[in-house]
Structures are given as C-alpha cells and as structure tokens.
Amino acid sequence: MSDLGTGTVIGLEVHVRLATVTKLFCGCPAVFGASPNSRVCPMCLGLPGALPTLNGDAVRLAVRAALALGYRVERTSEFVRKQYFYPDLPKGYQITQYAHPLARQGSLRVPDAAGGRRVPLRRLQLEEDAGKSVHDQLESSSLLDFNRCGLPLIEIVTEPVLRSPSEARAFLVRLRQVLERYARVSDCRMEEGELRADANISLVDSGGVTRAGRVEVKNLNSFAHVERALAVEERRLAARVAEGHAPGAETRLYDAEARKTRALRGKEEVLDYRYMPEPDLPPLRIDEASLRAAADGLPPAPAEVERRLIEHHGLSPQEAARIANTPGRAAYLEATVADGGLPLARTASGLVLGQLAAERKRRGLESEADLLPPAALRRLAQLRLDGRLSARTAARALELLFRLREPSPSDVDELVASRQLTQVAEPAELERWIRQALAAHPGEVERYRAGEERLLGYFMGEVMRASSGRADPRAATLLLRALLRSAEG
Ligand code: ADP
Ligand code: MG
Ligand code: ZN
C-alpha cells in the first residue's frame, strides 16, 4: 500500500423541473399527481407524425436560471435526439442538448466554515423528462405513467470539485435556494422529483491521481440520500483501495432503506446514445430582448446578499444566512435599517428572526413585511435601542402592533405611550417598585444581608414584576443595591 493520503472528488449532475404551465414541446398540462396517462397527447407519446413546438416560457425560465447561476448564455444552442430504449421513453429518444447547450461556465458560491467556496458549473441544458415506471403496484408486472413525458427540465453539471458528501449536500441546498426562492424558476419539490441529482465520486491520492472510480450514483431525490449515498460509496471505495484493488468506473443505484448502493452497469456497458440533431426543431436563438425579459426582477445571489448583511450591516454569518433565506426577508431588513447603523441593524434583525418570523409562520404569511411596514419596525427597533423599551415591553408592543393594519411610526409612539410601555429610570418611581419588592420578601432580604449576594437577581425579577417590565434594568439594579445596603445599619 502506498502511504499517500486519499482525497474524495465529487461532481454532480442535477435535474430541475421548470415551473411551466404546459410541457416542453406540446400543450399538455404540467401537473403532478393527475390520474396516470391522462395528461398525454400524440407528441409526448411519440406517435408518428407528431411535431414538437418549443414552449417559450420554458426557455425564459431556463435562461433566468442560467443568469441566476452566473452562466454565459449562448446566443445559439441546439437540440439533439439522445436515443436509448427504455419502457418509460415511448419516443425511443429524449430531446435534449449536447454539443451546443443553452449556457456554459456558471458558478455557485457554497457556504463553508472559511466563508464560502466557488463551485464552477460546466454547462446548463434544456431537455424533456421521461415517463415513470411504477414497480410496486402489481405483483408480477410494472406499470407505466406517461404524464411526466415531456415535462421541461434543466440539467446543471458541476466540475468535479466538491470534496465531501456534506459539501455536496450544502451545494444542493444552496442551489435549491437560488432556483426556488431567488430566481423562482422551479418549486423544487424534491419529494415530487422536481430536483434530483446524479452524484459522481472518485478517490484520488494527494498527487491528484485517481485511485478508485469514477462511480456514478443515479437519481437521488433528497438531500439526505445524496449525502448518505456518497458517504456509503466513499467508505466502500476506500475499503476496496485498502484491500489493494483499484475499483473501476461504474453506475450504481442507492437503496435508501438498506442504505447501500448496488451496481447497475459497468464501464464496458456504457451506452451509445447515437446523438443526432433534432430535425424538427430549429436552432434556439436568444436575443437581447429575451435575455432582458428573463432577467426581469432577478435579485442578487444569496452569497452576495449575505456578504452585504455582514459587511455593511454588521450581522454575524449565521444571522445573515437566516435573513437571506429569502430575498424578500433581506430586502425587508434593509428597507427597515436603511443607513441606520450597525446597532440598529442588529436590533432589527433580532426582532425579524425572533417574534416577526414566528408570527409570520403562525399566520402562514409569505413575508415578515406583511406583518409590519419597515418604517414602523424601524421606530420600534430605535426605541428598543435607546433603552426606552425593554425586551419584554418591545415584545408586548409588537404583539399589539400585529393587530393594526399598516401601522406608521407615529402609531408606534402612540401605542407605547398609551399602554405605558416605556422603561422607567426615574428614581422616585423605581424606589416605589423596589421597596414594594423588598417589603414582600423580608426573609430573602435577611439572607442577602447575611452575604447571599446572588439573591440580587431574584429581587430584580420581583422589581420587574412589580413594574410590569418597565423598570430600566441598569438604573433599577443600582438603586436596588443602594437600598439594600443603606438599610443595613
Ligand atoms: P460523462 O460525459 O461521462 O457524463 P462528464 O465529464 O460529463 O462525464 O462528467 C459528468 C459528471 O461527473 C460531472 O458532474 C463531473 O463533475 C463528474 N466527474 C467527472 N470526473 C469525475 C471524477 N473523476 N470524480 C468525480 N466526479 C467526476
Ligand atoms: Mg453526463
Ligand atoms: Zn403532450
């Protein structure tokens, strides 16, 4: 055995269903869960003489996805027939792209401990989906559902640069965030097969020389399956190498229940797809106007939004990631804070991620902005920051504000005044609450005076209770100490 270290190399091929109303080359509705073979026509069934008509909306969404992932969109791309026999492919070929894909050279930044890594993307192509074989309904035969035939997909291919199963997962999580929430080109429902990945893995020594592989695990349709299947393969390949074998390239399937992979075919059996140009479709040309239309309203990438939240607004990387979860939430925070400075940004971010997020979820709303206009949140955060509201009274104020329609900053002020929510630092009033708390607990006062100083926190709790949360904590603590001491003699 050589003592060179072993490294893992992973590359992904990801298929994502575009959120169109109809299929890619015919007018059949693109719906999930319709009764089997009810959403089909001569075109998607591959009947002789049927001709494809390219769905312009699918092209727009594919271009939008490419732009969101920083690809160079090709002015001209071409469709080909990829020929193979499989029961769920009634035409006998898939219309896809090959030598001239829709886009090349994209990239996606994936978060990691060191602040993020750029994963280069090779190509993005537009293609149709195949039908579905159903094996678990009848004892001795399989069923076919052609509803999925012809649904529009994009295929995204990474360079082989991912270094661990968890990084592959992080890549897919980020990819889904960009496509579903930022670009909004797909619903990315993985349980419905709208985002699925083929994962390629090989082992290399520290000089980059291949020691095992490349193994391709096909058709993984959850983040957990991708990570587990790759971990299983990584261990299996490493064990083979340790035994002195150099396992060859093959295609495998993952059995999620057994948490094992099994061989589907070896390298010798690599399929010959006999690619040929699709004679019934002209080259696909993308002009300036369609590029502009596809880019309409596209937000910046989440990595960029996170960077701005960290560098410009002073959030921690964890806070920034949670705020940038959706572009709408990030825009809401930025509209709230404007140029209010770092402390205001952090205070507002705490409110957005805490009480506002909880209430949004409870009401099933899409955005925190639907609960409270930015100007009102800004006023509240400012009062909290100035110490006029305590954590508790700010929470109470929010609760009351959620009941109003579109409250303004002056509504916030009015409510805080009319409900007496401001913190009180005024000594006479504080003294009244403190004396009330001490009088109610003479035993504890004795113990404090006998040296049990940690009871201070207990008294503070009582003072807060007496003041309904309005006592200014710092001023109250000082006065509490002084009163406990002064009465000692
Ligand atoms: P093929 O033409 O056989 O499909 P590609 O070169 O197009 O192979 O690569 C397909 C996928 O396999 C890509 O995602 C790529 O990153 C990945 N890949 C290529 N070589 C390796 C390797 N040595 N180890 C892991 N993944 C790889
Ligand atoms: Mg391939
Ligand atoms: Zn059809």
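One-based numbering along the sequence shown. Just so you know, ligand 1 is whichever comes first in the structure, and atom 1 is the first atom listed for that ligand.
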### Query
Under 4.0 Å between a Lys/Arg side-chain N and an Asp/Glu carboxylate O for D187 and R189?
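Counted as a salt bridge, because a side-chain N and a carboxylate O are separated by less than 4.0 Å.
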
### Task
Identify whether the distance between the nearest side-chain nitrogen and carboxylate oxygen of E334 and R308 falls below 4.0 Å.
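R308 and E334: salt-bridged.
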
#### Entry: Under-4.0 Å heavy-atom contact with ligand 1, by part of V161 that carries it
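Within the 4.0 Å criterion, V161 makes no contact with ligand 1.
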
### Query
Quick one: does ligand 1 sit under 4.0 Å from the side chain of V157, the backbone, both or neither, non-hydrogen atoms only?
side chain

### Query
Are R122 and ligand 1 in contact, using a heavy-atom cut-off of under 4.0 Å?
yes

### Query
Are any of the N/O atoms in P160 less than 3.5 Å from those in ligand 1?
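N/O-N/O distance below 3.5 Å exists for this pair.
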
### Set of residues satisfying side-chain contact (heavy atoms from CB on, under 4.5 Å) with respect to L143, sequence neighbours excluded
V134, Q137, L138

## Note on the structure
So CG of L108 and CG of L175: to nearest 0.5 Å the spacing works out to 6.0 Å

### Message
Does anything in residues 24-75 form a ring pair (Phe, Tyr, Trp, His ring centres under 6.0 Å)? List the pairs, not counting sequence neighbours.
### Response
F25-F79

### Query
What atoms of ligand 1 come closer than 4.0 angstrom to any heavy atom of E159?
16 (O)

### Query
Has the side chain of E13 got a donor or acceptor atom that lies under 3.5 Å from a matching backbone atom of V157?
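Pair absent, no side-chain N/O of E13 close to backbone of V157.
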
### Message
Heavy atoms only: which of R214, E155, E13 lies closest to atom 19 (C) of ligand 1?
### Response
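Heavy atom nearest to atom 19 (C) of ligand 1 belongs to R214.
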
### Query
For the Zn ion (ligand 3), how many protein N, O or S atoms lie at less than 2.8 Å?
4

### Minimum heavy-atom distance P101-Q125, with the two atoms named
CB-CB, 4.2 Å

### Task
Could you list all the side chain to side chain donor-acceptor pair (under 3.5 Å) pairs where at least one residue sits in residues 361-374, not counting sequence neighbours?
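Of all non-adjacent pairs touching residues 361-374, those that pass side chain to side chain donor-acceptor pair (under 3.5 Å) are R184-E366, R329-E368, E359-R362, E359-R363, R360-E368.
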
### Query
Any side-chain heavy atom of T8 within less than 4.5 Å of one from L162?
no

